[in-house]
Amino acid sequence: MCMYAPPGCGDCDVLLACFDPAHRIALVRPGMPAGGRPPALPAARRRAGEPYRQAADRLAGAMAPAGALRFGKVTGRIPAVAPGNAAQQRAERRLFTAHAPAPDDLHAPADGAQLMWLPHGDAAAQVTHLAIADLDLFLQGYAEGWIPDGWITLG
């Protein structure tokens with residue numbers, strides 16, 4: 001099961017932007033030996049027939065005790081990339097927002113991995129390999145409250 005999204009994780013279709021009270025974002029840093037892989041947003045692969053939200057709930061459950069994470073009211077839709085672009089994700093993905101009461105309330109969803117917390121303005125630059133258009137604006141707008149509740153398409 002893909003519980004964090006290493007570069008090229010072509011089958012991880014649910015991502016989680018976890019904010020702490022200071023609006024920092026949790027990124028997963030692969031355990032050693034990481035092979036030089038960059039940090040990533042926590043992510044999971046949906047099971048056959050599983051709704052995106054159910055997979056997000058499962059991912060949240062792997063990161064925190066039940067009820068510790070509160071889901072936000074904004075969800076990003078990341079459209080599929082046109083066939084023939086092998087360097088990017090091809091399947092549609094969802095980016096859920098969540099809030100942790102404190103950074104210590106979360107742990108990495110994969111064995112041997114660690115969480116690192118970055119200001120929301122710095123997180124997008126660390127995960128460019130996930131090929132999420134406008135991620136920086138999405139995180140900024142969400143943290144600053146100028147993105148309306150509901151669905152937003154990135155890209």
Side-chain angles (χ1 to χ4, degrees), residues 1-78 87-144 147 152 154-155:
M1 174 187 305
C2 179
M3 289 303 287
Y4 65 97
C9 183
D11 54 359
C12 290
D13 49 9
V14 173
L15 300 117
L16 198 56
C18 297
F19 291 83
D20 73 358
H23 291 186
R24 294 180 302 167
I25 305 288
L27 298 182
V28 177
R29 182 179 16 215
M32 291 297 166
R37 291 189 300 183
L41 290 168
R45 174 187 319 141
R46 288 183 308 138
R47 296 175 179 150
E50 183 179 36
Y52 287 96
R53 176 57 191 253
Q54 188 173 341
D57 288 338
R58 185 168 40 84
L59 177 59
M63 296 180 66
L69 277 177
R70 177 181 55 84
F71 278 93
K73 295 181 180 180
V74 178
T75 302
R77 178 184 167 271
I78 306 162
Q88 295 187 6
Q89 180 87 16
R90 291 185 184 190
E92 186 167 289
R93 298 175 285 172
R94 298 283 187 273
L95 174 58
F96 290 87
T97 53
H99 300 269
D104 292 341
D105 292 338
L106 294 183
H107 57 272
D111 291 337
Q114 297 177 339
L115 288 184
M116 58 188 281
W117 292 88
L118 294 175
H120 67 80
D122 298 338
Q126 296 294 315
V127 296
T128 57
H129 60 282
L130 296 177
I132 302 173
D134 303 322
L135 179 61
D136 53 345
L137 292 174
F138 176 83
L139 297 175
Q140 178 186 7
Y142 183 78
E144 295 176 3
I147 290 181
I152 185 165
L154 302 170

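All of these numbers come straight from a predicted model, not from anything done at the bench.
- Considering only heavy atoms from C-beta on, L118 comes within 4.5 Å of Q126 through its side chain.
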From CA spacing to verdict: side chain to side chain contact (heavy atoms under 4.5 Å, CB included), D57, Y52: CA-CA 9 Å; D57 288 338; Y52 287 96; over 6 Å; no
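- Under the 30°/60° scheme for interplanar angles, the aromatic rings of F138 and Y142 are found to lie parallel.
- For R53 and F71, the positive end sits near the middle of the six-membered ring, less than 6.0 Å away and at most 45° from its axis.
- Contact record, A68 with P101: O-CD, 3.0 Å, taken as the closest heavy-atom pair.
- Rounding to the nearest 0.5 angstrom, the gap separating the OG1 atom in T97 from the CG atom in L139 is 10.0 Å.
- To the nearest 0.5 Å, the span separating CZ on F19 from CZ on R24 amounts to 12.5 Å.
- A donor-acceptor distance shorter than 3.5 angstrom exists from the side chain of D105 to the backbone of A102, with no hydrogens or angles considered.
- Heavy-atom minimum distance, L27 versus A123: CD1-O, 4.2 Å.
- When every heavy atom of A26 is checked against every heavy atom of L41, the shortest pair comes out as O-CD2, 4.3 Å.
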Apply the test side chain to side chain contact (heavy atoms under 4.5 Å, CB included) to residues R93 and I132: give CA-CA distance (whole Å), side-chain angles for both, the deciding distance (0.1 Å), then the verdict. CA-CA 10 Å; R93 298 175 285 172; I132 302 173; 4.0 Å; yes
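- Counting heavy atoms from C-beta outward, V28 and P39 have side chains that stay 4.5 Å or more apart.
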Is there a side chain to side chain contact (heavy atoms under 4.5 Å, CB included) between L137 and I147? Walk through the geometry before answering. CA-CA 9 Å; L137 292 174; I147 290 181; over 6 Å; no
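- Rounded to the nearest 0.5 Å, atoms CD1 (I25) and CG (L115) are 12.0 Å apart.
- With rounding to the nearest 0.5 Å, the separation of CD1 in I78 from CG in L130 is 8.0 Å.
- Between the side chain of E50 and the main chain of R47, a donor-acceptor pair closer than 3.5 Å is present.
- Residues R94 and R77 have side chains in contact (heavy-atom distance under 4.5 Å, counting atoms from C-beta outward).
- Under the 4.0 Å criterion applied to side-chain N and carboxylate O atoms, R46 and D13 are assigned as salt-bridge partners.
- Between L154 and A133 the shortest heavy-atom distance is CB-O, 3.3 Å.
- Nearest heavy-atom pair across V14 and A55 is CG2-CB, 3.7 Å.
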Check the pair L135, L95 against side chain to side chain contact (heavy atoms under 4.5 Å, CB included), reporting the backbone distance first and the verdict last. CA-CA 10 Å; L135 179 61; L95 174 58; 3.6 Å; yes
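- H23 places a side-chain N or O within donor-acceptor distance of the main-chain N or O of A143, the cut-off being under 3.5 Å.
- At distances below 3.5 Å, not a single donor-acceptor pair connects side-chain atoms of T75 with backbone N or O atoms of F96.
- You'll find the side chain of L106 reaches within 4.5 Å of the side chain of C18, heavy atoms only.
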